[in-house]
Every structure is written in C-alpha cells, then in structure tokens.
Amino acid sequence: MQNNTERRFEQALVEDKAVTRARAEAVLRSLEAARDECRARLREENRTDAMEAVTGESSLDRAVDATRRMVEGMGPGGRATA
C-alpha cells in the first residue's frame with residue numbers, strides 16, 4: 001500500500017514524462033517545419049542539398065528521423081521505457 005508521499009511522487013513523475021514527451025514532439029514539429037522550409041528555399045533558388053545529393057538524405061532528414069525514433073521510444077506519457 002502506498003503512502004501519500006509515494007502517490008504524489010508517482011504523479012509528479014507521470015506529469016514530468018508527459019511534459020518531456022510534449023517538448024520532444026514540439027522539437028520534432030519544429031525540425032519538420034525547418035526541413036520543409038529548407039527544401040522550399042532550395043527549390044526557389046534552383047539548388048540542391050549537398051548532403052542529400054551525396055547520401056540520399058539531408059541532415060534535417062536525419063535529425064527528423066532520429067527525433068521521431070526518440071519520441072516513438074517514449075512510453076505514452078514520456079521517457080524511454082527501456
């Protein structure tokens with residue numbers, strides 16, 4: 001049986017996890033927007049992304065993919081479960 005302090009601590013952890021996930025999701029959205037903006041600007045200037053031309057993906061693609069994996073690795077409420 002949990003005492004009141006343990007319950008408050010567990011609730012604080014749940015809330016912290018939710019905040020952490022929300023921040024990570026905001027970073028992901030920001031990276032996706034930056035990638036889209038960069039692609040649009042490159043198209044407007046009739047240029048190519050040097051990294052994408054060599055590796056098949058831009059540095060922003062890699063950042064988006066890594067951040068998405070991190071967010072997906074979080075449990076429904078927050079930090080990585082493993």
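- Scanning for side chain to side chain contact (heavy atoms under 4.5 Å, CB included) contacts around Thr55 gives Met51, Glu57, Arg62, with sequence neighbours left out.
- A donor-acceptor contact shorter than 3.5 Å links the side chain of Thr20 to the backbone of Asp16.
- Applying the side-chain hydrogen bond (donor to acceptor under 3.5 Å, both in side chains) criterion to Arg29, with sequence neighbours excluded, gives no partner residue.
- Judged by distance alone, the side chain of Glu15 and the main-chain N or O of Ala12 form no donor-acceptor pair under 3.5 Å.
- Minimum interatomic distance between Leu31 and Thr67 (heavy atoms only, all atoms of both residues): CD1-OG1, 3.3 Å.
- Smallest separation of non-hydrogen atoms from Asn3 and Thr5: OD1-N, 3.0 Å.
- With a 4.5 Å cut-off on side-chain heavy atoms, Phe9 and Leu13 count as touching.
- Not counting sequence neighbours, Arg43 has no partner by the salt bridge (Lys or Arg N to Asp or Glu O under 4.0 Å) test.
- For Arg68, the salt bridge (Lys or Arg N to Asp or Glu O under 4.0 Å) test picks out Glu32, Asp65, with sequence neighbours left out.
- Placement of Met74 and Leu28 in two distinct hydrophobic clusters is found when ILVMFWY residues are connected by side-chain heavy-atom separations under 4.5 Å, directly or transitively.
- Remark: Glu10 engages no residue in a salt bridge (Lys or Arg N to Asp or Glu O under 4.0 Å) (not counting sequence neighbours).
- Evaluation of the side-chain hydrogen bond (donor to acceptor under 3.5 Å, both in side chains) rule for Glu25 yields Arg21 as partners, not counting sequence neighbours.
- Considering Arg39, Arg41, Arg35 in turn, Arg41 is the only one that fulfils the side chain to side chain contact (heavy atoms under 4.5 Å, CB included) rule with Glu37.
- Under the rule for a side-chain hydrogen bond (donor to acceptor under 3.5 Å, both in side chains), Arg8 has no partner lying at least two apart in sequence or in another chain.
- Summarising the hydrophobic clusters (Ile, Leu, Val, Met, Phe, Trp, Tyr; side-chain heavy atoms under 4.5 Å, direct or chained), the residues clustered with Leu42 are none.
- Listed by chain and number, the residues in a side-chain hydrogen bond (donor to acceptor under 3.5 Å, both in side chains) with Ser58 are Asp61 (sequence neighbours excluded).
- Residue pairs meeting the salt bridge (charged side-chain N to carboxylate O under 4.0 Å, His left out) criterion with at least one member in residues 47-56, sequence neighbours excluded, are Glu45-Arg47.
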